[in-house]
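Note sheet for the following structure.
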Amino acid sequence: MARLGMVIDTAKCVGCSDCVVACKAENGVPAGFFRDWLTESLRGRFPTPHLELRSERCNHCDDPPCVTCCPTGASHVHPWGGVILVDHDACVGCKACIASCPYNARFLHPEGYADKCTFCIHRVEKGQDPACVSVCPTRCMYFGDLDDPESEVSKLLASRRSHVLLPEAGTGPRVIYLTA
Amino acid sequence: MNALSRRRFLGISAATLAAAGLAPALTGRRTAQASPPPAPDAGKLETIPTFCDVCFWKCGAIATVRDGQLWKIEGNPADPLCRGRLCPRGTGGVGAHFDEDRLQRPLLRANVRGEDTWNVVSWDEALGYTAEKMKAIAQKYGPESMALISHGLGGTFLKHLMKAYGTPNLAAPSFAQCRGPRDVGFRLTFGDDPGSPERTDIANARCLVLIGSHLGENMHNTQVQEFAEAIENDCHVIVVDPRFSTAASKAKHYLPIRPGTDLALLLAWINVLITEKLYDAEYLAQHAVGFEQLAAYVAPFTPEWAYPETGISAAVIRETARVMGRAKPATLVHPGRHAVWYGDDAQRSRAVAILNALLGSWGRKGGFYVPAQMDLPGYPYPPYPHGERGKVDNPDKKYPFAHDTISTGIRSAALTGKPYPIKGLMTYATNLIYALPNEAETIEAFKQLDLLAVVEVAPSETAGWADVVLPESTYLERYDELNVELFRDPFIALRQPVVASPQEQKPNWWIARELGLRLGLEKFFPWPDIETYLQTRLEKGGYSLEALKKSGIIVGPKPPIYFEEGAPAEFNTPSGKIELWSSALQKYSDEHGNPAGFEPAPRYTPPEPNPPGSYRLLCGRAPTHTFSRTQSNPLLSDVMPENALWLNAGEARRLGLNTGDRVCLRNQDDVLSEPITVRATERIRPDCVFMVHGFGHQAKGLRRALRKGASDSRLQTRYKTDPLMGGTALNMNFVRIEPVSSI
């Protein structure tokens with residue numbers, strides 16, 4: 001089974017939010033809710049601060065607490081690529097998954113189910129990239145099989161320094177950031 | 001059992017079971033039973049190519065319609081501008097179609113101007129009213145007393161209407177309020193300007209110098225894409241900006257310059273290039289004149305001289321100049337775009353041009369390429385009438401190097417009646433209350449008019465002052481003029497309707513034609529509809545509208561684009577060469593007693609100091625909005641609903657302010673801003689504050705944008721006019737930070 005993941009090159013990202021707008025349009029995410037978002041991570045003092053801009057979303061973790069804690073099985077690991085998905089009909093909107101996610105990636109959709117990034121599985125199954133990756137004007141986002149050493153994502157990770165968010169949470173995040 | 005009641009049922013049972021300690025029994029369910037969420041691409045899909053209009057870049061796009069409803073819009077891979085990827089504004093462009101606050105029906109003013117109260121009328125009534133007023137103005141004052149201020153390609157047919165009616169007074173704020181000074185500075189040097197889209201070869205630059213230009217926030221698509229490529233190619237990026245912009249975070253050198261001193265830095269760089277012989281001697285010998293005069297002139301402007309002005313150390317000035325010299329001719333000192341800063345902007349832009357000339361980057365790979373355009377004749381109209389009076393904006397050529405119409409000059413004529421009165425004004429796709437500095441002057445000018453007609457998509461502040469509002473279809477709902485772009489790869493692109501307008505909105509070409517017919521200008525509108533017009537134009541070039549409807553774009557053969565490839569090295573200056581020492585400025589100075597500002601090489605004037613307790617107000621762009629026209633777009637406003645006040649973190653501590661606090665700004669003329677949220681940050685100097693332009697709307701029809709953030713335009717009551725070309729410099733305003741008043 002493939003292990004789908006996303007690699008984002010923060011050296012190229014300009015934080016334009018095209019990924020956010022594209023996700024909202026593609027998936028019809030309701031106003032006021034977001035499946036992905038931009039984070040500005042700044043350290044140091046003017047005039048020599050260090051800035052990292054990151055496009056963030058569900059990390060589709062290897063060991064997903066949102067799936068473990070789901071009382072109905074609505075939150076599940078999709079057999080194709082290990083993508084973490086929510087069965088809208090099976091979800092009771094109990095918010096356990098929302099509370100369990102260390103990345104604050106989930107929200108309660110106004111229609112009553114937990115919602116979040118799907119890695120655009122409807123596109124990926126057709127051989128397309130997720131919407132956010134496909135629109136990125138800087139081409140700083142990459143998507144593929146982290147278990148395939150020949151994939152573009154694996155090669156990038158082998159050649160560049162990288163980090164994940166909240167490694168201490170121990171969830172095995174699969175959205176990985178390349179640094180300059 | 002429907003889905004909702006089933007969820008409720010399970011919700012109750014899960015909670016009950018969890019309370020009873022039985023929940024683990026349910027968690028045994030795993031992947032086998034669960035279904036993925038419904039796919040958003042289920043349904044009947046149709047794709048239609050067109051091109052974007054959220055900004056002036058005009059990227060090729062493909063819209064997808066799902067079950068007859070607009071779904072999304074993506075870049076057209078065949079388009080050389082966007083290479084298959086739109087910017088966030090383009091991606092969010094679908095929001096404009098769905099905006100429930102957009103203008104729906106023609107409106108006639110119900111009461112006094114500016115009260116924003118309306119009678120909904122038929123198109124026939126609105127057009128009849130407009131035409132009658134235009135006839136009356138022509139009769140009483142002459143047709144030249146009517147003006148059009150427009151923005152973008154969509155203004156083509158209204159410009160045609162105005163020329164046919166008999167007025168030469170057609171302007172766009174993109175000249176005197178934006179890139180005009182830059183274009184004048186480059187024309188005086190190279191005989192040509194950087195163009196739009198700019199002829200910058202960013203992708204191939206080995207050193208890229210950005211002066212105030214904040215690519216990445218400023219989302220000109222091709223440039224941002226190439227900027228990312230340049231970063232990937234390890235281009236040496238040098239950023240000069242009082243604010244640590246996104247681009248600064250990608251730079252190898254960030255120069256936190258004191259606001260208003262850019263010209264001092266540029267002169268010092270020129271000094272180092274010449275003193276250390278880092279210039280392209282062979283290129284200059286072949287193409288340039290005036291080197292000796294320039295060298296003598298800049299001799300005193302050493303890095304040591306520039307340091308106390310700019311705050312940039314002499315060592316850093318030398319080091320960066322050497323980087324530029326080493327990478328030449330693939331060193332691109334970016335010309336910028338929004339160049340109206342301090343009132344000597346044409347001369348500052350000339351210094352940028354001179355620097356590029358010394359580096360040999362004009363016409364070279366990694367510098368400025370030579371653009372090309374497809375050969376497509378215009379529509380064969382009869383000749384336009386020529387009245388006795390010339391343009392109203394620049395009497396006695398007060399601004400001798402203005403090569404385009406000065407929109408603020410039209411405003412002056414409306415205000416003063418001189419050199420002759422402007423009594424009618426039509427605006428198209430530009431919100432003059434935001435686009436021109438000093439709102440009070442603009443409103444006073446509106447009050448002098450017999451007619452203010454506004455053609456717009458959104459109920460802007462300017463629409464609020466109109467006598468008649470003509471609601472336009474969005475770009476997703478209309479045909480438009482062809483885009484025959486001057487670019488690296490020449491092409492012709494078609495804008496065509498993707499969906500129908502939801503209410504009674506009409507395209508600009510229809511509005512222009514209907515007005516033309518009512519004004520007795522039938523002979524200028526021989527085409528019955530836009531498709532006939534487009535087909536006629538395309539056939540003259542040997543193309544077909546039907547084919548273009550399917551592809552959206554025709555890309556022509558790419559000619560040589562660099563001098564070294566055989567692109568023509570032609571300079572439309574008096575000498576026919578690159579003018580390091582401007583003969584046009586020398587001649588003007590000689591004939592006019594050496595007026596200040598017209599020196600043949602740029603002269604630096606120190607900026608005035610901040611008044612005590614004040615910050616210089618700087619403004620710029622965000623990647624998710626265009627000017628003041630997208631804040632009502634539901635998709636884009638969701639991502640960025642308001643702007644913030646960037647304030648140096650140390651200053652914020654000193655003032656006892658934290659990120660998230662709400663404050664007001666009061667400028668030197670006692671104008672108070674709307675409340676704005678503080679963003680205390682290490683990303684800006686302590687002597688200035690910054691906000692993104694276009695927020696703080698007060699038009700009551702813009703419910704989503706109403707009073708969200710503050711308007712830089714409202715605080716820009718003071719402006720300095722560029723003596724060369726009439727540009728209105730905006731960074732002349734100072735603000736104090738005050739608590740939000742209790743009103």
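Remember, predicted model here, so these are calculated numbers, not experimental data. The basis for the numbers below is simple: all heavy atoms, side chains too, and nothing from hydrogens, waters or symmetry mates. Naming: A, B, ... by sequence-line order, numbering from 1 per chain.
- Side-chain atoms of B:Arg683 do not come within 3.5 Å of backbone N or O of A:Leu42 as any donor-acceptor pair.
- In terms of the side chain to side chain contact (heavy atoms under 4.5 Å, CB included) criterion, residue partners of A:Thr171 (sequence neighbours excluded) are, by chain and number, A:Cys61, A:Pro65, A:Pro102, A:Tyr103, A:Ala169, A:Pro173.
- A donor-acceptor pair is defined here as one N or O able to donate and one able to accept, closer than 3.5 Å; such a pair exists between the side chain of B:Arg685 and the backbone of B:Pro256.
- Of the listed residues (B:Pro36, B:Gly92, B:Gly650), the greatest number of heavy-atom pairs within a distance under 4.5 Å of chain A belongs to B:Pro36.
- Using a 4.0 Å cut-off between a side-chain N of Lys or Arg and a carboxylate O of Asp or Glu, B:Glu229 and B:Arg83 qualify as a salt bridge.
- At a cut-off of 3.5 Å, with distance as the only test, a side-chain donor of B:Tyr615 or B:Glu651 sits close to an acceptor on the other residue.
- Using a 4.5 Å heavy-atom cut-off against chain B, the contacting residues of residues 142-159 of chain A are A:Tyr142.
- If you measure heavy-atom distances from B:Thr64 to chain A, you find no contacts under 4.5 Å at all.
- Against chain A, the residues from residues 631-644 of chain B that qualify, each with a non-hydrogen atom under 4.5 angstrom away, are B:Leu635, B:Leu636, B:Asp638, B:Val639 in number order.
- For B:Pro37, the side chain to side chain contact (heavy atoms under 4.5 Å, CB included) criterion is met by A:Leu85, A:His88, A:Thr118, not counting sequence neighbours.
- Atom NZ of B:Lys252 has more than 12 heavy atoms from other residues, nucleotides or ligands within 6.0 Å.
- Residue with the most contacts toward chain A among B:Asn221, B:Asn648, B:Thr624, B:Asp41: B:Asp41 (heavy-atom pairs, distance under 4.5 Å).
- Distance check: A:Thr10 OG1 to A:Leu178 CG gives 7.0 Å after rounding to the nearest 0.5 Å.
- The CH2 atom of B:Trp57 sits 12.5 Å away from atom OG1 of B:Thr626, with the distance rounded to the nearest 0.5 Å.
- When only modelled atom types and interatomic distance are considered, B:Gln225 and B:Arg85 share no side-chain donor-acceptor pair under 3.5 Å.
- Interface summary for chain B: among A:Lys126, A:Arg43, A:His50, A:Glu125, the most heavy-atom pairs under 4.5 angstrom belong to A:Lys126.
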I'd like to know whether A:Cys132 forms a side-chain contact (heavy atoms from CB on, under 4.5 Å) with A:Met6, so could you lay out the CA-CA distance, the side-chain angles of the two residues, the decisive distance to 0.1 Å, and finally the verdict. CA-CA 11 Å; A:Cys132 54; A:Met6 198 176 279; 3.8 Å; yes
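- Options B:Leu86, B:Val224, B:Ile73 differ in how many heavy-atom pairs under 4.5 Å they form with chain A, and the most are formed by B:Leu86.
- Between B:Glu100 and B:Arg704, at least one side-chain nitrogen of the basic residue sits less than 4.0 Å from a carboxylate oxygen of the acidic one, meeting the salt-bridge criterion.
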